[in-house]
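Please read the structure below before turning to the comments.
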Amino acid sequence: QVQLVESGGGLVQAGGSLRLSCALSGGTFSGYAMAWFRQAPGKEREFVARIIWYGDSRYYANFVKGRFIISTDNAKNSVYLQMNNLKPEDTAVYYCAARSGYGLVTTESLYDYWGQGTQVTVSS
């Protein structure tokens, strides 16, 4: 059974940076598209970024373009989200997700596996 475990969340001031990590276990990393979603209090979960397991085909939500970078490390079966120039509106629980196949998918219901989430809080 594939499991995803996120880490790296925390409290940071506006303008600061955080790096989220997500490790995949119980399966092979190859063949998956990996994504990050987030859910702010009182809001629906939304797509943030996505990448293919071998590190290609990055795609970002407009609100993070130029600030966040998604990447993978195949040797560690991991995906990362480097978040720079953080804003208070980036405050949310961030979730890692995986799905089989390489299509560009931003709909959460189409992702097969989810992590437990990690809290990111950005203070003003």
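Given the structure is predicted, the values throughout are model-derived calculations rather than measurements.
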So how far is it from [X] [atom1] to [Y] [atom2], rounded to the nearest 0.5 Å?
X: Met34; Y: Ser78; atom1: CE; atom2: OG; value: 8.5 Å
X: Ile52; Y: Ile70; atom1: CD1; atom2: CD1; value: 9.5 Å
X: Tyr32; Y: Leu4; atom1: OH; atom2: CG; value: 8.5 Å

Any side-chain heavy-atom pair of [X] and [Y] under 4.5 Å:
X: Gln119; Y: Leu11; value: no
X: Ser57; Y: Arg50; value: yes
X: Thr28; Y: Trp53; value: no
X: Tyr60; Y: Arg67; value: no
X: Tyr80; Y: Arg19; value: yes
X: Ser100; Y: Asp112; value: yes

[X]-[Y] co-clustered via ILVMFWY side chain contacts under 4.5 Å:
X: Leu110; Y: Val2; result: no
X: Tyr111; Y: Val79; result: no
X: Val64; Y: Val12; result: yes
X: Ile69; Y: Val48; result: yes

For [Y], does its backbone N or O pair with a side-chain atom of [X] as donor and acceptor, under 3.5 Å?
X: Thr91; Y: Val122; answer: yes
X: Glu46; Y: Arg38; answer: no
X: Gln116; Y: Val5; answer: no
X: Tyr113; Y: Gln1; answer: no

Can you list every pair that meets disulfide bond (SG atoms under 2.5 Å apart) and has a residue in residues 21-102, with sequence neighbours left out? Cys22-Cys96

Partner of Val120 by side-chain contact (heavy atoms from CB on, under 4.5 Å), out of Leu20, Val93, Leu81, Asp90: Leu20

Consider side-chain contact (heavy atoms from CB on, under 4.5 Å). Of Tyr95, Phe37, Phe47, which one does Glu108 pass it with? Phe37

Tabulate below the donor-acceptor pairs under 3.5 Å that side-chain atoms of residues 82-89 make, not counting sequence neighbours, or state none.
unit_1	atom_1	unit_2	atom_2	d
Gln82	NE2	Asn84	OD1	2.9
Asn84	OD1	Ser17	OG	3.0

Taking every heavy atom of Trp36 against every heavy atom of Ser21, the minimum-distance pair comes out as CH2-O, 3.7 Å

